[in-house]
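For clarity, every value in this text was computed on a predicted model and none was experimentally measured. Naming: A, B, ... by sequence-line order, numbering from 1 per chain.
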Number of protein chains: 2
Amino acid sequence: MYEIESKLIEKSGLTATNQRIMILHFIYEIADHPTADDIIDWTQKHCPKISVATIYNTLNVFVEKGMIHAMSPPGSKTIYYDKNTHHHYHLVDTKTGKFQDIDAKSIQFSHQIEDYAVEKVDVFIYAHKKR
Amino acid sequence: MYEIESKLIEKSGLTATNQRIMILHFIYEIADHPTADDIIDWTQKHCPKISVATIYNTLNVFVEKGMIHAMSPPGSKTIYYDKNTHHHYHLVDTKTGKFQDIDAKSIQFSHQIEDYAVEKVDVFIYAHKKR
DNA sequence: GTCAATGCAAAGGTTTTGCAACTGG
DNA sequence: CCAGTTGCAAAACCTTTGCATTGAC
């Protein structure tokens, strides 16, 4: 149980504690772009006495180590966490507020920005489903 | 003086008060992607006794009315304000942390997202200038 | 046994709110 | 005047911090 999570945590040089495993498990296997609050809710139900301090600290450590991704839609200050897999963008459904991963290949960049070395691109597409 | 700002405020059905004019003036004419804090600093120097409550309220009203744009780079919780002109994206210089507007035409979308009606696209490009 | 990780509660910073006072048309 | 706007201070909110305790190896 939780071998994947444990491995990932240890690979980053951290101790695979219950709290960390549960947080990572939630982000990787259960939640879809959760906020810190979502994570607090779920982990506190599934892990007796995990404290918010630990959760915030852990999330910061995970982001530092590159195990998860943090992002916030432009104009919002809410941070959403995301498993850090391949390169993808986000489609924001403006009706539901839900995120959807979309493939990076659906967007092409022309070489207009030639004197810059692009490191990372984050794209937020706000849209609603056509009836 | 400040005719442009006044017109814009009144066009949105609001009273063009000193406070509102100064806030809008700063965002439109002086600042480059300021934060709420930048706006507080500047307006309080140029407008006696403007309160933070008013500034925050005004910013929220301006955003609602579409007079300005609010955005926060993915992963950050700081909100930056921007004059709302034509459709453009942001190039984030990862060395300096500064934003730069880039033309929307430099990015093309393939029609992979056919069942969604796209309303708005926000693109954050993190890059650094080549040597 | 030792160092890292955790929990608690308090502090921190930012934004919002309630309400009374003010102001512009 | 009178609705809309503002200022003040308090509250709300979310996140971080300090420190003592616990837990992993």
**Q.** Distance flag, aromatic centroids of A:Tyr2 and A:His25, threshold under 6.0 Å
**A.** yes
(Q) Could you check whether any side-chain N or O of B:Ser72 sits under 3.5 Å from a backbone N or O of A:Ser76, counting only pairs where one atom can act as donor and the other as acceptor? (A) yes
Q. Whole Å only: how far is the NZ atom of A:Lys49 from the C1' atom of C:dA9?
A. 14 Å
Q.
With a 4.0 Å limit, can you tell me whether A:Lys77 has a side-chain N or O closer than that to the phosphate oxygens OP1/OP2 of D:dC13?
A. no
Q) According to a strict under-4.0 Å criterion, is B:Arg20 in side-chain N/O contact with OP1 or OP2 of D:dT6? A) yes
Q) CD1 of B:Ile21 versus P of C:dT23: gap in Å, rounded? A) 16 Å
Q | side-chain contact (heavy atoms from CB on, under 4.5 Å) partner of B:Ile50, chosen from B:Asn18, B:Ile23, B:Thr17 | A | B:Ile23
Q | Gap between atoms CD1 and C1', on B:Ile79 and C:dG13 respectively (whole Å) | A | 14 Å
**Q.** Shortest side-chain distance from B:Thr15, nucleotide among C:dG24, C:dG7, D:dA24
**A.** C:dG24
**Q.** Whole-Å gap separating C1' (C:dT16) and CD (B:Glu64)
**A.** 13 Å
Q | Donor + acceptor pair across side chains of A:Asp38, A:Thr35 (<3.5 Å) | A | yes
Q) Do the side-chain N or O atoms of B:Gln19 get closer than 4.0 angstrom to the phosphate oxygens (OP1, OP2) of C:dT23? A) no
Q) What's the shortest heavy-atom distance between A:Arg20 and A:Thr15, and which atoms? A) NH1-O, 3.2 Å
Q: Calculate, to the nearest 0.5 Å, the distance between atoms CD1 and OG1 belonging to B:Ile55 and B:Thr43 respectively.
A: 3.5 Å
Q: Provide, to the nearest angstrom, the distance between the NZ atom belonging to B:Lys65 and the C1' atom belonging to D:dT5.
A: 14 Å
Q. Quick one: B:Ile9 CD1 to D:dG4 C1', roughly how many Å, whole number?
A. 14 Å
Q: Write down the distance between CD1 (A:Ile50) and P (C:dA5), rounded to a whole number of angstrom.
A: 14 Å
(Q) Using heavy-atom distances to pick each residue's nearest nucleotide on DNA chain D, tell me which of A:Asn18 and A:Thr78 is more 5'. (A) A:Thr78
Q | Residues in contact with DNA chain C, drawn from residues 52-61 of chain B - heavy-atom cutoff 4.0 Å | A | B:Ala53, B:Tyr56, B:Asn57, B:Asn60
Q | Integer-rounded Å distance: D:dT5 P and B:Met22 CE | A | 19 Å
Q.
With clusters defined by side-chain heavy atoms of hydrophobic residues (ILVMFWY) lying less than 4.5 Å apart, directly or transitively, does B:Phe26 cluster with B:Ile4?
A. no
